[in-house]
Amino acid sequence: MSSLKSETHNAFVPGRLMSDDCLLAHELITFVNNCRNRKKCYAAIKLDMNKAYDRVRWDFLFTALACFGFPPYWIHIIRQCVSTVSYQVLVNGDPTTSFLPCCGLRQGDPLSPYLFVLCMEVFSASLRLAERQQLLHGIYISRNAPPVSHLFFADDSLLFLEVSPAACQHVSLVLDQFSKLSGQLVNYQKLFVKFSPNTPDDYRDFLSTSLRLGHRPHLGKYLCVQVDLGRSKTSTFNELVDKIARRISNFASLRLSAAAKLVLINFVLVASISHVLSDFKIPQSICDRIDQLCLRFWWRSSPSTSGIALRPASLLHLPKGMGGLGIRNMSCFNQALLARQGWRLIHHPQLLLARIYKAKYPGLFVPGSSPSTRPSWGCRGIMAGNQVLSQGLAWKVGSGARVRITLDSWVPNVQVSFKDFVLVSVYPTHVSSLINPRSDAWDVYVILKSAYVTLVDKGLYSASHLPSIPVSWWKRFWGLHILPKFKIFVWKLLNNALPIAALLQARGFPLDPQCCFCHSASESVDHLFCCCPLVRAWWPTSLGGSLLPRPSPGMFSSWCADMISRFSSPGMPQLLLGSFLVALWSCWVVRNDIRFRGSSFSEAALSVVFDSWSARLKDVVGFGSSPRFHQSVSRPQSPSPLLFSGGLQGFSSPQHVVRLVFDGSWIPVSNQAGAGWTFTDSVSFVSLGGGARACIVDSPLHAELRACVLGLQVAMKRGFFSLLIFTDSTTLVRLLQRLFPPPVSISWSLAEVRRLLASLHSFTICKVPRSMVSDAHVLAGQARRRQIISLSF
């Protein structure tokens, strides 16, 4: 694609990004807006095609592919993919008869975007031909910059030209010719032109009439990014705040947990504006308002309250591995994204955007540097040994060395190289980041994580971290296989972020600070969860009961971290860590019931909450599996994909085990499937029965899971609770071993299989050849062909 498409067409080409078009459009529009005293007049035209994908003519498409040099057999394959589609229309809920189209590309088909951009490349070639023939002229934003006459990203198009009656007439001619050839229809209601300020009003009217377009003073958005910026950046980017506020208001009524809110903030709210953050430096006031909205959304418990921020925002913005929650700080994240953009332009100087920046901002690039060599940069400061000393910001480099760099308007881009790190500043006083480059690949992007950590940790490390809990502990903790709700609860517990009565009273809330369990001491964290005599009398015996060591005064965080490390160590029994967390959570749930619902304390209430959450944790974490602390430190050996065992007692008595063999059969046309299973005594090999059933599923793996569910349900009804299970599906065994996440379509069936297996006394699942499941396969095939609807024998 890179050899077929021009450098002004950045859609679906490796190495080219949508942000390139946004930045180019911004530079070109800025040039047009600043043309006040020039003799030449310029214009920017925003094009829009009506139903662009649906109007592509097939003869034009295949002729264009032949002109690009694709072989005839390949074009024949594409023709079969494009022209064999049929459609039906729903009229009052009833489908009409199917009909065949004669043009158009299916939106959503992975092949369609590539074919469409090749068709648009014909339009680009027509404009470049007109440039070579001097029929129209693009825009030179500086003396050595290449001319730009158009920017394409799929069907989003911008044209830039030096306006004259002949140029406008030829643009209209090229547009009409392309529309006739390709079948495209220009939507003149959405098309408009923007002229430079030095264009006289009567001349604007004349040129817009010759173009058959209206003219506007502002170009507006391009690719969902505001590229025509005014003097007030704050008013321009206020829409980002409104967008985040609207999304938060939509989520506010869902009563989400703190863990779910954390996911929404980082992967929905921040991701929705990341394309803008990667293109422009957002004003600090806008970043602060977005941060405030996100943090308030995370702290508050209901839409009617604003929430109580029990910990400073600097702690929440720290990455999880450093003791924070990883909520993005907009300003630092914006700088890290811009630094990545600058790093990309440095090491890809062949890009059109890099060449234009090099011509307009000569200080950004050093003459004679090549992408294969490490570029050298100017730096203001005094070099002293292993340090650059000056006034400015500081970063850790290498083994304890520090780099200080001055960012001023005279040095627009600075880089200082040492053994392992590079300090990059892309824009003066705006973007600065620490990058850990790979020695064998200097053309990679800036590692966003390293850049963001450096920026957000600056000046916050000593104030945010608890000295008793090292950073390595946090990295291991977030890798534990436990409920996200428990992870957030433990984070609040260790950072004193739970609304305990003593903490709320210290903040001025009028409430009773006495423990709601024993009413004899102040309700502090260590007293409520460990030192209260009523709680210690109830504490589960599997965790040590009342003999559990007590934390020292003011050292509950260290005590809790030590207990989590102890219970998750490799030598401890299974699910012990989960029991410890459930015990803490049970105390908190019962405490809230007493405080807010008027309940009374009893050990029975604690036991009920403990048992219900233990069962839920077992279903989520997995039967017979233990959340090991060491799994996040060193990757364990993958278990064998051919064997999987578990159960309540373990597989140890083969003489009392029944062999269950199951198989599924599925055809993709109608999604009809069949499930078959047989039971055999594993010692005497006497048949104990079996069955088959027809069903509707959407994949062969789903058919295997349905057969497993039905076989296990029948086995438990017949009293078989020790099973030796045979299957010919390696994927199913790997899914049960949790070696990779399951597809969404089979997650419910997989959860049902795990629930049934957890109810067995013992089981072993073996992957066997197809020949060993032949009887079950025959039954499944008969059920799939509807020769058997439901059978049990």
Side-chain angles (χ1 to χ4, degrees), residues 241 244-245 248 256-266 269-270 282-302 305-336 393-396 449 451-475 477-478 484-485 487-509 511 523-526 554-558 560-561 588:
V241 182
I244 296 296
I248 288 178
L256 301 170
S257 64
K261 291 179 181 179
L262 192 62
V263 175
L264 285 176
I265 290 172
N266 284 335
L269 299 180
V270 178
I282 308 301
Q284 186 64 40
S285 59
I286 299 296
C287 294
D288 293 340
R289 291 170 63 184
I290 295 176
D291 289 337
Q292 185 180 8
L293 286 174
C294 293
L295 294 179
R296 184 180 300 174
F297 171 64
W298 190 82
W299 280 112
R300 67 185 182 187
S301 57
S302 65
T305 61
S306 59
I308 305 174
L310 298 177
R311 297 298 293 164
S314 58
L315 178 60
L316 275 68
H317 288 316
L318 283 177
K320 290 183 176 181
M322 300 174 64
L325 284 180
I327 297 178
R328 294 283 188 266
N329 180 280
M330 290 296 105
S331 179
C332 297
F333 191 56
N334 181 208
Q335 294 184 46
L393 304 178
W395 289 263
K396 289 185 178 180
K449 183 177 180 180
Y452 176 77
V453 168
T454 302
L455 292 169
V456 79
D457 186 43
K458 176 171 52 66
L460 302 177
Y461 189 92
S462 59
S464 302
H465 282 70
L466 294 173
S468 58
I469 302 179
V471 173
S472 58
W473 188 92
W474 285 110
K475 292 181 178 179
F477 169 74
W478 291 108
K485 177 189 290 288
K487 291 183 179 180
I488 299 298
F489 174 70
V490 171
W491 181 88
K492 290 183 177 180
L493 199 61
L494 298 182
N495 288 281
N496 197 22
L498 288 176
I500 302 295
L503 179 61
L504 295 179
Q505 188 190 37
R507 287 176 170 259
F509 288 87
L511 49 82
E523 187 185 81
S524 60
V525 176
D526 51 354
M555 297 298 293
F556 178 79
S557 298
S558 300
C560 187
W588 181 247

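Please read all numbers here as calculations on a predicted model, not as lab measurements.
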**Item:** Heavy-atom closest contact (Val471 atom, Gly321 atom, distance)
**Value:** CG1-O, 2.8 Å

Quick one: side chains of residues 286-297, donor-acceptor pairs under 3.5 Å with protein atoms, not counting sequence neighbours, listed by atom name and distance.
from: Asp288; atom 1: OD1; to: Gln284; atom 2: NE2; distance (Å): 2.9
from: Arg289; atom 1: NH1; to: Asn238; atom 2: OD1; distance (Å): 2.9
from: Asp291; atom 1: OD1; to: Met330; atom 2: N; distance (Å): 3.1

**Residues in side chain to side chain contact (heavy atoms under 4.5 Å, CB included) contact with Ala260, at least two apart in sequence or another chain** = Leu256, Ser257

**Message:** My understanding is that only one of Leu315, Leu269, Val270, Leu316 makes a side chain to side chain contact (heavy atoms under 4.5 Å, CB included) with Ile327; could you say which?
**Reply:** Leu316

**Asked** So Phe477 and Trp473, would you call those rings parallel, tilted or perpendicular, with 30° and 60° as cut-offs?
**Response** parallel

**Fill in**
Between the NZ atom in Lys320 and the NZ atom in Lys475, the distance rounded to the nearest 0.5 Å is 14.5 Å

**Considering all heavy atoms, the nearest Tyr452-Ala336 contact** = N-CB, 4.0 Å

**Prompt:** Quick one: does Lys487's side chain have a donor or acceptor within less than 3.5 Å of a partner on Trp478's backbone?
**Reply:** yes

**Item:** Side-chain donor or acceptor of Asn495 paired with backbone N/O of Arg311 under 3.5 Å
**Value:** no

**Asked** What heavy-atom pair brings Val456 and Pro319 nearest, and what distance separates the two atoms?
**Response** CG1-CD, 4.0 Å

**Asked** Under the side chain to side chain contact (heavy atoms under 4.5 Å, CB included) test, which residues partner Ser301, sequence neighbours left out?
**Response** Thr305

**Prompt:** Residues in side chain to side chain contact (heavy atoms under 4.5 Å, CB included) with Lys492, at least two apart?
**Reply:** Ala258, Trp298, Ile488, Ala497, Leu498

**Request:** Determine whether Ile469 and Ser557 make a side-chain contact, defined as any pair of heavy atoms from C-beta on separated by less than 4.5 Å.
**Result:** yes

**Message:** Just verifying a value: how many Å separate Leu494 CG and Cys560 SG, rounded to the nearest 0.5 Å?
**Reply:** 5.0 Å

**Request:** Using atom types as modelled and distance alone, determine if a side-chain donor or acceptor of Lys261 lies under 3.5 Å from a backbone N or O of Arg300.
**Result:** yes

**Asked** Looking at residues at least two apart in the chain, or sitting in another chain, which of them share a side chain to side chain contact (heavy atoms under 4.5 Å, CB included) with Pro499?
**Response** Leu310, Leu504, Trp588

